[in-house]
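All of these numbers come straight from a predicted model, not from anything done at the bench.
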Amino acid sequence: MCARSEAVELEVLGAEGGEARVPPRPLRLSLLELLGKLVRRDQPAQPHRRTRHNHRFRTFVSCENERRIKANDREYNAQFRYANNYIKTSKYSIITFLPLNLLEQFQRLANFYFLCLLVLQLIPAISSLTPITTAIPLIGVLALTAVKDAYDDFQRHQNDSQVNHRRAKTLRNGKLVEEKWASVQVGDVIRLENDQFVAADILLLSSSEPNGLCYIETAELDGETNLKCRQCLVETAAMGQDDAQLGAFDGVIICETPNNLLNKFEGTLSWRDKHHSLDNDKILLRGCVLRNTTWCYGVVVFAGKDTKLMQNSGKTKFKRTSIDRLLNFLIIGIVFFLLSMCVFCTVACGVWEWLVGRYFQAYLPWDTLVPAEPASGAVVIAFLVLFSYAIVMNTVVPISLYVSVEVIRFAQSFLINWDEKMYYEKTGTAAKARTTTLNEELGQIQYIFSDKTGTLTQNIMTFNKCSIAGVCYGDVIDETTGETIELNEGGAGGGGGAGGAGRGPGGARSAARARLLEAEHEQGRSTPGARRPTNHHDNTEPLDFSFNPEYEPEFKFFDSTLLEAVKRGDQEVHEFFRLLALCHTVMPEEKNGRLEYQAQSPDEAALVSAARNFGFVFRERSPNSITIEVMGNTEEYDLLCILDFNNVRKRMSVILRKDGEIRLYTKGADNVIYDRLKSNQADVKSKTQEHLNKFAGEGLRTLALAWRPLEERGFAEWKRRHQAAALALHDRDEQLDAIYEEIETDLLLMGVTAIEDKLQDGVPETIANLSMAGIKIWVLTGDKQETAINIGYSCQLLTDDMAEVFVIDGVSHDDVERQLAKCRDSIRVVNTFLPHAGPSASKTGGEAANGARPSPGRAANVKLNAPAVSVVTFRWEHNTIPHHSNEYMSGGPQSADSHEPTNDDSNGFAIVVNGHSLVHCLHPKLEERFLDVVLQCRSVICCRVTPLQKAMVVELIKKSRKAVTLAIGDGANDVSMIKAAHIGVGISGQEGMQAVLASDYSIAQFRFLQRLLLVHGRWSYYRMCKFLRYFFYKNFAFTVCHFWFAFFCGFSAQTVFDEMFISVYNLFYTSLPVLALGIFDQDVSDATSLQFPKLYAPGHTSQLFNKREFIKSTLHGCFTSLVLFLIPYGTYKDGLAPDGKILSDHMLLGSVVATILIIDNTTQIALDTTYWTVFNHITIWGSLVSYFVLDYFYNYAIGGPYVGSLTVALTQPTFWFTAVLTMIILMVPVVSWRLACSWTRPTLAERLRARQRWRAPAAAPRTPSARRARRSVRSGYAFAHQEGFGRLITSGKIMRRIPHADAALSALASLPGKFHQRPPTPPTSAAAAAEPRAPTQNLDTVDL
């Protein structure tokens, strides 16, 4: 590909301006020039700089630096071999499936081991078993796994086919032709229509909108659903939708090579002897959706895997669970154990043949291959026996283990798919396990990385409450008690708001009028403590707005007093809604005869929608006017000026004229508006401030509204200076801000609005339960800092109980380093002066991040030389969780990750990191410092992060903490994060299916994640661990019998059991009971698992299956095999039946040992089963019966060598006595040990089962309210957090549409008061004591 692009193109160019043509150069000079260019090609090129060449030769710069595209010229573009638009996520094809799948399967050590073993069994001289004993299970394993892999890959092929077969309209010879997406190539001109996905990364050429504007939704890329604007070049926009002109378009695009930078594009377009600069504003990326634009045309720049969407997707990785990795390690250990037994038997065989065997050659002749000389013969025999014992005892390496594991996982996946409690009725979407190999990993998650928009939130803003002239509206008051009625979905049908989506179960919000407990401190912040009202369940109905023909049926509001005030013509209320209908940049649109709004942000849409439903309908706008309809009467206002929003001003204003009166309407952050109010409004300011604190305390997004009248003369003078500032060449923005400041003074406060960024149902409860389970939750979002912080408070990732919420927003490396150091010092001081109560909690502090307890000397040093920090919160309350209780074992060791804070909120920290700061945090120089801080924080929020940064954060935690991670998201911007994590969960949301297609599991709502993890994940892990412990036990109990028998058969590799019994022991006799155990067993119910999230904790430290548990199981198996062999051997050696028949027969002994082994296995798994189903009964008792049935069938019907042996044994009392004695010796220690452990060190699950068995059900822990009172965050105002588009509106470039999004990202909104001090909270406050907290569980409450 590069060779051609680096070669010199001998293209004859016409001379410029009619100059004479330059004669051809001699060949020698041409070759020298070519050589010089090739020598200089490694010098750094300056992409995108182009000079006109007057000579006749032109070179293509290396493909590593730029790409060159010629529109509508496939032949020209084909020479560069650019990627086509075909997408492939599948792993196999029909031809490659068999070899690749077998290669992948034989990477498993057990499979490769059994393949080698099968080859050895084909050699008669060393094999005492038929090859069938190994071939049957090996083929079964390979076939079953191949079928599962083929099914998974078939699903991927179907998804790929669905995407590749989408239709796109492409220009061919000046005519539109409908083609598949896969057929689109670089350089093609394609047509897109409204609501279509963009097929590839294209350069916008023309559109249906004025001035070449185009509107797109980028939810698939960055998670934001608000519309963004793109604009094509004026020169290309003139082509419109003329297919002939567009088909003849032959512009040459020289641009950057494929990369993953979503917000950056550089290139030039050369067309008609002119060069035009290209940037990101002229590019539509694959994954975007065309909105509010009838049609547009573009030329494909990047296709397929080169698109920025696919570049951010990351590579598909082969995911394996920690249990898989442990099993591989254990298999190696088992192989070494097997080799050690074989070597011992080999040496013993050589010694026995040398000392004893050579004298019995008449009875046991040596093979013809063996030398006659005793010493040499003994060595050769011993060498052959080495391989024989490797074959005989091969079952100690369990190939059937992998068959059983795959079957269990497959069945568990169907249990997830069939769970009706994870079925979302609104969309008809069920949970789906898209992979069948990771189920038990769901029970070991330590970190969750979540997207925000569409994952935690519905991305729906709802008008919730308001305050007008000091009167609060929105609360529904119970007339009998005077208390506020809590509105929930069950009773009221949802919260008030334009979105119309109700709150979920358990998401009742506190709507009580809060008492202000603390004086407002710096920057207008205050901490209200809300009184928890009695929970009423009145069937409060939403208000009826049908009197308004333009009302929206989905809009819900419950406070009738506001509607009554509107109907009776209350002037202040009318002015309030009039401002909402006029002061904005929303664009109206008629769609299917229905008035619809397109807003720059959901916040503005909610406010304009609220005004509409109350009778103040925004109808249309022009560059110079705004038309609204007030209670059926049309009002038209002259639009004189828009004072646009930016992150510094944090407000926007409009200046309007009607009937000769000029007014300025403004809305913005309350602290900004309050600073500009007229001084004579103390009473209304005080009441409104109280309402502001109340709203913010409930987590609502607040916005203050104000106005002022203007004089004609004063406005004319201001307008003149405004125009001069707008035309300034230098410091234009600063001059405009100063001009705006002049007129936005002496404002009259009108009121405040409170809107809710609606969370998905059950998000706070889910996060609280997952946190209680010991899972750290990080939010990684492409959204803005302000929005992310507000959602953090709403979903209780951030709470008032935290000691501090740090913000890292430094731009430079030094700024970030300084902020991280300050955070670390703050954490160290707080943890030094206010450590967690109890010795077990002392390691959760600042220096315990690596699991080390701070030395007394160091602690003293910190106390004496405490660094100056800007916030330390000293609370008077103490940790009330008893320090002797832990996640699982009462009195047991704490989690290995001792840096994890306890679930008590008293000392928690949280950190908010901006995307541009995260770049420096992920740098190797700051990586350790960053980890040192974030690992001591209970919550981490990263905002304004790119998809690749999300994946880098996940990889950082995987690498540094060796922790099991889960990533959950719903958009294409989450794909790389989902692929990077151990487990990827996709939400079937409104942002397409990209995340679902890349995920391992898909769910419809975030709240289902707690059931997926705490129920299915925990059960899967519990079942798999119990299965593995029993499996290794039964295999060692079976196999090691051959080792004990070796001492009595001259180490000759003679088997104790029948060959057929060896072949089918794992396949038939013991497979079904253990499969039923691994599929259906459960220690507690699903309700209990959700009620007590601490049951999840054992998975974090692999308590249920690890090397120690494996050794215990194998030692138990070895002991069982010893007892199983020695007692029957001692009984039957030289034994006689009452009728004088000899019982000391090898086949009889083998049948007796085999029968007692099956009985022991049955009894053992019956003891291990804690949840009995019909399947357990059938498989356990049925397997015992099947042993006798199959043994008789094989020996009598087919004529096996052991015919009659079992029959004889069963007819003798000796067998029954031996069986009972053996079982007593085997079972008594097991039962005694388990009873002792359950009484002295019961697990939480055992205590809960005992309580449910003997007492009333354990009381459920308090679930947190979705609407907790929290400290006011005045920065959480409801507003579009990017520069507004007032200039575009007033310039007339936009008529019917939403304004154009500025190309450059505006400065991120800074959080005022970083590291601000919080006053101490007195412990005696009744309201503080009643403040709702995240659920805590004292495990002593469920003690026996």
Side-chain angles (χ1 to χ4, degrees), residues 337 341 393 395-396 1026 1029-1049 1055-1058 1061-1062 1065-1066 1069-1070 1073-1074 1077 1109-1137 1143-1170 1180-1181 1183-1185 1187-1188 1191 1205-1206 1208-1240:
F337 175 73
M341 287 195 300
M393 292 192 288
T395 49
V396 77
K1026 183 177 276 194
R1029 293 199 304 267
Y1030 173 78
F1031 197 96
F1032 284 117
Y1033 160 76
K1034 75 180 182 67
N1035 260 44
F1036 272 76
F1038 163 62
T1039 305
V1040 181
C1041 287
H1042 296 297
F1043 180 74
W1044 306 126
F1045 183 59
F1047 290 91
F1048 301 95
C1049 68
T1055 61
V1056 182
F1057 308 114
D1058 179 15
F1061 180 84
I1062 295 174
Y1065 171 77
N1066 277 320
Y1069 296 153
T1070 60
V1074 75
L1077 179 79
E1109 292 295 326
F1110 167 75
I1111 292 173
K1112 285 166 60 177
S1113 298
T1114 54
L1115 290 178
H1116 184 200
C1118 292
F1119 168 75
T1120 299
S1121 67
L1122 182 64
V1123 174
L1124 276 173
F1125 176 77
L1126 288 183
I1127 292 181
Y1129 182 83
T1131 302
Y1132 284 90
K1133 184 179 182 299
D1134 302 329
L1136 291 174
L1143 298 178
S1144 56
D1145 171 66
H1146 167 254
M1147 292 185 177
L1148 185 65
L1149 175 65
S1151 297
V1152 170
V1153 174
T1155 304
I1156 299 177
L1157 173 64
I1158 296 298
I1159 295 173
D1160 169 74
N1161 288 343
T1162 303
T1163 308
Q1164 187 69 40
I1165 200 167
L1167 286 175
D1168 285 345
T1169 302
T1170 53
I1180 290 175
W1181 313 122
S1183 291
L1184 183 60
V1185 173
Y1187 163 71
F1188 295 100
D1191 184 87
S1205 299
L1206 184 59
V1208 172
L1210 293 176
T1211 58
Q1212 303 295 328
T1214 306
F1215 167 79
W1216 300 105
F1217 172 78
T1218 304
V1220 171
L1221 178 63
T1222 305
M1223 291 305 300
I1224 290 174
I1225 295 174
L1226 289 175
M1227 289 298 115
V1228 167
V1230 173
V1231 174
S1232 301
W1233 173 257
R1234 293 188 181 185
L1235 285 175
C1237 288
S1238 65
W1239 282 101
T1240 58

Legend entry - Residues Tyr1033 and Thr1120: side-chain donor-acceptor under 3.5 angstrom: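 Their side chains do contain a donor-acceptor pair, which is all the 3.5 Å distance test asks for.
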
Inset, instruction - Return yes if a side-chain donor-acceptor contact under 3.5 Å exists between Thr1155 and Tyr1187, otherwise no. - result: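 Side-chain D/A pair, Thr1155 to Tyr1187: present.
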
Kindly give the heavy-atom pair with the smallest separation between [X] and [Y], and that separation in Å.
X       : Y       : answer
Val1074 : Tyr1030 : CG2-CD2, 3.4 Å
Leu1148 : Ser1205 : CD1-O, 3.1 Å
Phe1057 : Val1153 : CE2-CG1, 3.6 Å
Val1152 : Pro1128 : CG1-CB, 4.1 Å
Ile1111 : Thr1114 : O-OG1, 2.8 Å
Leu1206 : Phe1188 : CD2-CD2, 3.9 Å

Taking atom [atom1] of [X] and atom [atom2] of [Y], what is their separation to the nearest 0.5 Å?
X       : Y       : atom1 : atom2 : answer
Phe337  : Thr1039 : CZ    : OG1   : 9.5 Å
Leu1221 : Thr1131 : CG    : OG1   : 7.0 Å
Trp1044 : Tyr1129 : CH2   : OH    : 14.5 Å
Met1223 : Ile1127 : CE    : CD1   : 11.0 Å
Lys1034 : Gln1164 : NZ    : CD    : 12.5 Å
Phe1125 : Leu1157 : CZ    : CG    : 13.5 Å

Inset, instruction - Using side chain to side chain contact (heavy atoms under 4.5 Å, CB included) as the criterion, list what pairs up with Thr1162, not counting sequence neighbours. - result: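 If we apply the side chain to side chain contact (heavy atoms under 4.5 Å, CB included) test to Thr1162, skipping adjacent residues, the hits are Ile1158, Ile1180, Trp1181, Leu1184.
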
Inset, instruction - Return yes when atom CZ of Phe1217 has more than 12 non-hydrogen atoms of other residues, nucleotides or ligands closer than 6.0 Å, and no otherwise. - result: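 No.
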
Inset, instruction - Indicate yes or no: at least one non-hydrogen side-chain atom of Val1040 is less than 4.5 angstrom from one of Met393. - result: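 Counting from C-beta outward, Val1040 and Met393 never come under 4.5 Å.
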
Inset, instruction - Side-chain contact test, heavy atoms from C-beta onward, threshold under 4.5 Å: evaluate it for Val1208 versus Phe1215 and give yes or no. - result: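 Contact flag for Val1208/Phe1215 side chains = no.
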
Legend entry - Backbone of Pro1229 reached by a side-chain donor or acceptor of Ser1232 within 3.5 Å: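 Not a single qualifying donor-acceptor pair exists.
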
Inset, instruction - Measure from the side-chain N and O atoms of Thr1222 to the backbone N and O of Leu1124, and report whether any donor-acceptor pair falls under 3.5 Å. - result: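 Not at all, since once roles are kept as given, no pair shorter than 3.5 Å links the two residues.
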
Ring centroid separation [X] to [Y] under 6.0 Å:
X       : Y       : answer
Tyr1069 : Phe1038 : no
His1116 : Phe1036 : no
His1146 : Phe1045 : yes

Inset, instruction - Run through Arg1029, Lys1026, Arg1234 and flag the one making a salt bridge (charged side-chain N to carboxylate O under 4.0 Å, His left out) with Asp1168. - result: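 The passing option is Arg1234.
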
Inset, instruction - With sequence neighbours excluded, tell me which residues meet side chain to side chain donor-acceptor pair (under 3.5 Å) with Asp1058. - result: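 Partners of Asp1058 under the side chain to side chain donor-acceptor pair (under 3.5 Å) test: none.
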
Inset, instruction - Only counting residues at least two apart or in another chain, list the ones meeting side chain to side chain donor-acceptor pair (under 3.5 Å) with Ser1151. - result: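 Here no residue qualifies.
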
Legend entry - Lys1112 charged N/C atom sitting above Phe1110 aromatic ring, 6.0 Å / 45°: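 No cation-pi geometry.
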
Legend entry - Parallel, tilted or perpendicular, as decided by the 30° and 60° cut-offs, for the rings of Phe1047 and Phe1043: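 Ring orientation, 0 to 90° scale: perpendicular.
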
